2 protein chains.
Amino acid sequence: MGKARRRVPVEEFVRRCKAAGLSVTPQRIAIYDAIAGNPSHPSPEAVYRRIRLTHPTIALATVYKTLDTFSRHGLVALLTPMHETVRYDPLTIQHHHMICVKCKEVVDVVDPALDEIRLPTRVRRSTKVLGYSIHFNVLCPSCRVR
Amino acid sequence: MGKARRRVPVEEFVRRCKAAGLSVTPQRIAIYDAIAGNPSHPSPEAVYRRIRLTHPTIALATVYKTLDTFSRHGLVALLTPMHETVRYDPLTIQHHHMICVKCKEVVDVVDPALDEIRLPTRVRRSTKVLGYSIHFNVLCPSCRVR
DNA sequence: CTCCATGCAAAAATTTTGCATCGAG
DNA sequence: CTCGATGCAAAATTTTTGCATGGAG
């Protein structure tokens, strides 16, 4: 992996925390930094392992709690709305999904127009693309009214 | 929820099992059916709960093992390549991702061209769309050579 | 007989919770 | 002093594994 970068400087993080009414602590800076400074979207476990180098007494539970706090306040986005459990798909042709961010229902979206996306050159050059799938993050009708 | 549908008839399932060299058992039919007959992409737990009605002695472990077998043989696709754990994203503007299906590394893809997808009418009409994200399933360079 | 799918129980791994403490304001 | 963030330990949940059994070919 290349060297760590920082997409958002600390000051920016602090500013966003304050805007969200969150206190800024060394742990939080470290956690945010581990995420923002790493393009690989590390898991809480991975964040924990990395952070322990500089914060040997931090608890894994703190990492979980903090990341959850961040996401509830919009400082980070949840990349895996369905992570709670594996999900499988019987439709093996390429297609897409709507995921209700609230109730986590998943609905198929089959639309030929969506299958004609031109792969970015960077993606095509650097990897072997097996396929792609678009996740529409939505509020379904029933969650919308509530 | 509407009534269950069956996207792939049993005969088709049997044919595909045979093609993959898998034996066909009542449990497997039931499991496949629970997935294929349900548009909501149920979790293994949910499949288990549903199947117990007709197969009271089935074990949850069997459901996990079977779904894993199915996906390794291409009978179903893995909808959640990152499910093992939550992942967060510090980049809160809309963007996309490459996910290596083997090592699970996630890399950002920022490309304005990808942000101009026309939302399918069905999606726009039925829900409030908060955003979307394209997941490119790829083999990264290092996994590709191995 | 051999092989593999199954069920069961145990183990492992992951995530959440309760609670006491600490520190900033 | 008060409140929220933290660390620790325990609990809960989810997933995997080992092993004995049983049926199909």
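Here is how names work: the chains are called A, B, and so on, in the same order as the sequence lines, proteins then strands, and each is numbered from 1. Computed from a predicted structure; not experimentally measured.
Note: CZ (B/F70) to C1' (C/dT6) measures 13 Å, nearest angstrom. Atom OH in A/Y64 sits about 5 Å away from atom C1' in C/dT15, given to the nearest Å. Between the C1' atom of C/dA5 and the CD1 atom of B/I31 lies a distance of 10 Å, rounded to the nearest Å. C/dT14 atom P lies 10 Å from atom CG of A/L60, rounded to whole Å. The separation between B/Y48 atom OH and C/dG7 atom P is 9 Å, rounded to whole Å. Atom-to-atom, NE2 of B/H55 to P of C/dG7 comes out at 9 Å; the value is rounded to the nearest Å. In this structure, the NZ atom of A/K18 is 9 Å from the P atom of C/dG25, given to the nearest Å. Distance, B/E45 CD to C/dT15 C1': 15 Å, rounded to whole Å.
Classification of A/E45 and A/R49 as a salt-bridged pair holds, one side-chain N sitting under 4.0 Å from a carboxylate O.
By the 4.5 Å heavy-atom criterion applied to side chains, B/H97 and A/H41 are counted as neighbours.
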Report task. Given side-chain hydrogen bond (donor to acceptor under 3.5 Å, both in side chains), test B/D89 with B/H95 step by step and report yes or no. Result -> CA-CA 10 Å; B/D89 200 321; B/H95 64 289; 2.8 Å; yes

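Remark: side-chain polar atoms of B/T127 are paired, donor with acceptor, to backbone N or O of B/V123 under 3.5 angstrom. A/R28 contributes no side-chain N or O that, together with a main-chain N or O of A/T66, makes up a donor-acceptor pair within less than 3.5 Å.
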Atom pairs under 3.5 Å, N or O on each side, protein against nucleotides 17-25 of chain D: can you list them with distances?
{"from": "D/dG18", "atom 1": "O6", "to": "B/K65", "atom 2": "NZ", "distance (Å)": "3.0"}

Please list each protein N or O that sits under 3.5 Å from an N or O in nucleotides 1-5 of chain D, with the distance.
{"from": "D/dA5", "atom 1": "OP1", "to": "A/R28", "atom 2": "NH1", "distance (Å)": "3.4"}
{"from": "D/dA5", "atom 1": "OP1", "to": "A/R28", "atom 2": "NH2", "distance (Å)": "3.4"}
{"from": "D/dA5", "atom 1": "O5'", "to": "A/R28", "atom 2": "NH2", "distance (Å)": "3.1"}

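Heavy-atom minimum distance, A/D108 versus B/R122: O-NH2, 3.5 Å.
Ring geometry for B/H135 against A/H135 counts as parallel: the plane angle stays under 30°, on a 0 to 90° scale with 60° as the upper cut. The aromatic rings of A/Y32 and A/F13 lie parallel to each other, with less than 30° between the two planes, well short of the 60° mark.
Side-chain atoms of B/T57 lie closest to C/dG7 of the nucleotides C/dT14, C/dG7, D/dT15.
Note on B/I58: only backbone sugar-phosphate atoms sit closer than 4.0 angstrom, heavy atoms only; bases stay farther off.
When hydrophobic clusters are built by joining Ile, Leu, Val, Met, Phe, Trp and Tyr residues whose side-chain heavy atoms come closer than 4.5 Å, directly or via intermediates, A/L114 is grouped together with B/Y132.
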